[in-house]
Amino acid sequence: MTGRTGATALFGIAGTAALAALALPAPAHAQEVYGGVYAHAVDTPFTFDTGEGGVDLQAGYRFAPIESLSAIGSPEPYVFASVNLDGDTNFAGAGIGWKAEIGTFYLRPGVGLVIHDAPDLRVDPATRIRTDLGSRILFAPEIAIGAQVSERVSVEASWVHISNAQIFDSDQNPGIDTIGVRVNFVL
């Protein structure tokens, strides 16, 4: 899966999941759709340079909180997809997140898994360091800081990290960090 073919397949997965979710009966709590623009492969202490860059468009669907899991804060399941406009790595996944409100502001941590279309093997020609991502399925922790703009709209600054958490190579953790802004719409 590469380039636009991979992006189409990833959006197909996320779109199918979102349509299936819309077919379910509406719970008491609101659900959200969201979309945003992200810087791709931002240099952070959590990753090695993969030689990628550019801009990502991310879109997702956040389900209502799971009230039966109130013992762990009633997490909100979500599905999302990220397409790199420069033809680099695209990914789609699912996870759970929490929303800790502080007045009109909130913190939204989450954790999930993604599937991506990066090359199976990639080596930096200058350093000879492998920068492949280790496996097709990766961990995807994220955190966002947001503000409620209106009853149905909120804006967030968020960071999404994808990597293998050093499971497949304890000496390195190539990954991709995306940092950007997204808008959430309550349905």
Side-chain angles (χ1 to χ4, degrees), residues 1-18 33-62 77-98 107-146 155-184:
M1 200 177 348
T2 59
R4 297 298 156 225
T5 303
T8 302
L10 291 171
F11 262 123
I13 292 167
T16 301
V33 294
Y34 59 90
V37 178
Y38 287 72
H40 181 85
V42 176
D43 186 23
T44 71
F46 302 107
T47 61
F48 286 131
D49 182 11
T50 58
E52 295 192 7
V55 173
D56 288 0
L57 296 180
Q58 290 188 12
Y61 182 87
R62 192 171 291 113
Y78 61 86
V79 294
F80 77 109
S82 181
V83 174
N84 181 267
L85 298 180
D86 290 353
D88 285 330
T89 301
N90 305 295
F91 52 94
I96 57 173
W98 293 262
L107 185 66
R108 189 188 299 269
V111 63
L113 295 173
V114 298
I115 186 168
H116 66 88
D117 67 354
D120 289 335
L121 177 64
R122 180 173 38 203
V123 178
D124 183 321
T127 64
R128 305 301 302 158
I129 294 175
R130 284 184 67 167
T131 59
D132 49 297
L133 297 174
S135 72
R136 191 60 51 205
I137 297 174
L138 302 173
F139 295 104
E142 71 168 271
I143 192 159
I145 298 171
V155 177
E156 298 174 348
S158 81
W159 165 75
V160 177
H161 170 79
I162 65 170
S163 76
N164 66 40
Q166 294 182 318
I167 290 175
F168 300 103
D169 186 342
S170 61
D171 294 329
Q172 65 170 339
N173 185 31
I176 296 174
D177 283 326
T178 63
I179 297 175
V181 176
R182 64 185 174 206
V183 178
N184 307 292

Point to revise | Nearest heavy-atom neighbours spanning His116 and Ser135 | key: NE2-O, 2.7 Å
Exercise for review: Of all the heavy-atom pairs spanning Val79 and Ala94, show the shortest one and how long it is.
Suggested key: CG1-CB, 4.0 Å
Practice item. For Ile145, look at atom CD1 and say whether over 12 heavy atoms of other residues, nucleotides or ligands are found less than 6.0 Å away. Key: no
Point to revise | Val83 backbone acceptor or donor facing His40 side chain under 3.5 Å | key: no
Practice item. Decide yes or no on side-chain contact (heavy atoms from CB on, under 4.5 Å) for Val111 and Phe139, but give the supporting numbers first. Key: CA-CA 7 Å; Val111 63; Phe139 295 104; 5.7 Å; no
Practice item. Please report the shortest heavy-atom distance between Ala144 and Glu156, naming the atom on each side. Key: CB-OE1, 3.6 Å
**Study point:** Name of the residue among Thr178, Asp117, Asp56 meeting side chain to side chain donor-acceptor pair (under 3.5 Å) with Asn84
**Key:** Asp56
Practice item. State, with a plain yes or no, whether a side-chain heavy atom of Tyr34 is found less than 4.5 Å away from one of Val183. Key: no
**Study point:** Electrostatic pair Glu142-Arg182, nearest N-O below 4.0 angstrom
**Key:** yes
Check your understanding: What distance separates His161 NE2 from Leu138 CG, expressed to the nearest 0.5 Å?
Key -> 8.5 Å
Exercise for review: Indicate the atoms forming the closest heavy-atom contact of Leu133 with Ala118, along with that distance.
Suggested key: CD1-CB, 3.7 Å
Review point. Which distance, rounded to the nearest 0.5 Å, do you find between the CD1 of Ile176 and the CZ of Phe91?
Key: 7.0 Å
Exercise for review: Kindly compute the distance separating CD1 (Ile162) from CD1 (Ile115), expressed to the nearest 0.5 Å.
Suggested key: 11.0 Å
**Study point:** Over all atoms of both residues, closest heavy-atom pair of Val160 and Tyr38
**Key:** CG2-CE2, 4.5 Å
